[in-house]
Protein chains: 2
Amino acid sequence: MFELDLRSRKPIYEQLVDRLKQLIINNVLEKDEKLPSVRVLAQQLSINPNTIQKAYRELEIQGYIYSVKGKGSFVNHIMMADSSAEIKKVKEQLKKNISEALFLGVSVEELEKLITETEVDRSVTRGDEDDSSSERG
Amino acid sequence: MFELDLRSRKPIYEQLVDRLKQLIINNVLEKDEKLPSVRVLAQQLSINPNTIQKAYRELEIQGYIYSVKGKGSFVNHIMMADSSAEIKKVKEQLKKNISEALFLGVSVEELEKLITETEVDRSVTRGDEDDSSSERG
DNA sequence: TAACTGTATTAATATATTTAGTACAGTTAT
DNA sequence: ATAACTGTACTAAATATATTAATACAGTTA
């Protein structure tokens, strides 16, 4: 399904969370799509099922997936509801990154281009079927 | 000098690096300003000097400060030179944050406003004495 | 019932972080 | 030269965090 860096200083479960988030955000994993079970994915990645569960649990807390005992874990594309706390976090992180980028000499134009590029990438992978979140106005 | 969250899962030295970076980026700490010595800051924050040194060393590697044996550690505002690796890192992190923000429903307009706001903050705290990195052309 | 699924718990292990203590070398002022 | 500061290096111990392992329980599906 994807690659992990077992030698990284970044914990495996965090890598999993980040990776799965990106797949969900970019619609590679579609709404209600079933994720591999904790045991199957653990075997595929040659790591312990508990580590997978820790990642899935975190993703569920953050609202990216939902899990049903006996059935499995599924992608949650509803979102947009009570994500205010998450939005605040992301915005704070963005501010830090932006000021650091500016400090390192990245121009405002380049930063704006980054936004446009990211937006385009999303439109392409999502087939542009829902553009409400990227309206300008 | 600042606050730390000793209960955070984020290592103390990483908090220190982030915090000092922000102070340097936003020019709260000015060029060639002397930072507290590892021992003094350690006592102020009630943590071990080795932890301070680890943070200072990381900041020196990243080019934010420079240290002179016997004299102290000082803010480095020259930068802009060989920061290509750092720029690449920040850009990748920015992409992730932007796509997550878009996914959570933050509009492109809002993201662009974040850039403008951050730019303004920097101009104000820096007295606008050097605007070369924020030209739009 | 058998074979899946998520979830929980405990213990052991591995890794990372922090502390503690000591030491050495360069700077500054006396 | 001495005293008091500075950064830096090193080892060992203690603490915190992450990961594995093994087991168990409950819900789902065929």
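Keep in mind it's a predicted model, so treat the numbers as computed, not measured. Protein chains get the first letters and strands the later ones, always in sequence-line order, with residue 1 at the start of each.
When Watson-Crick and G-U wobble pairs are counted only if both distances are under 3.5 Å, C/dA8 pairs with D/dT23. Pairing partner, D/dA30: C/dT1, with both Watson-Crick or wobble hydrogen-bond distances short of 3.5 Å.
In this structure, A/I65 places its CD1 atom 9 Å from P of C/dG6, rounding to the nearest Å. Distance, B/K69 NZ to C/dG26 P: 6 Å, rounded to whole Å. C/dT18 atom P lies 12 Å from atom NZ of B/K10, rounded to whole Å. Look at CD1 on A/I52: it is 15 Å from C1' on C/dT7, rounded to the nearest Å. The CD atom of A/Q43 sits 15 Å away from the C1' atom of D/dT20 (whole-angstrom rounding). The distance between atom CD of A/E14 and atom P of C/dT15, rounded to the nearest whole Å, is 18 Å. One interatomic measurement links the two molecules: OH of B/Y56 to P of D/dA9, which rounds to 16 Å at whole-angstrom precision. A/I12 places its CD1 atom 11 Å from the C1' atom of C/dA14, with the value rounded to the nearest Å.
Put simply, the side chain of A/L94 reaches to within 4.5 Å of the side chain of A/V90, judged on heavy atoms. By the 4.5 Å heavy-atom criterion applied to side chains, B/Q22 and B/D18 are not counted as neighbours.
If A/G72 and A/N50 are placed on DNA chain C by their nearest nucleotide, the residue sitting closer to the 5' end is A/G72. Where A/P11 and A/G70 each meet DNA chain D at their nearest nucleotide, the meeting point lying more 5' is that of A/P11. Residue-to-nucleotide proximity on DNA chain C shows that, of A/K71 and A/S8, the 5′-proximal contact is made by A/K71. Map B/E60 and B/R9 each onto its nearest nucleotide of DNA chain D; the residue landing nearer the 5' end is B/E60.
When all heavy atoms are compared, the tightest approach of B/V75 to B/E30 is CB-O, 3.3 Å. Contact detail for B/S99 and A/T118: the closest heavy-atom pair is CB-CG2, 3.6 Å. Summarising the geometry of B/Y64 relative to A/L104, their closest heavy-atom pair is OH-CD2, 4.0 Å, with the distance given to 0.1 Å.
OP1 or OP2 of D/dA18 lies within a sub-4.0 Å distance of a side-chain N or O belonging to A/Y13. An OP1 or OP2 oxygen of C/dG6 is reached within less than 4.0 angstrom by no side-chain nitrogen or oxygen of A/S67. For the OP1/OP2 pair of D/dA18 and a distance below 4.0 Å, the side-chain nitrogens and oxygens of A/T51 include no atom meeting the criterion. Within the 4.0 Å cut-off from OP1 or OP2 of C/dG6, at least one side-chain nitrogen or oxygen of A/S73 is found.
If you check distances only, the side chain of B/R39 does reach the base of D/dT8 with a donor-acceptor pair under 3.5 Å.
You'll find that the side chain of B/Q53 is closest to D/dA9, out of D/dA9, D/dT20, C/dG6.
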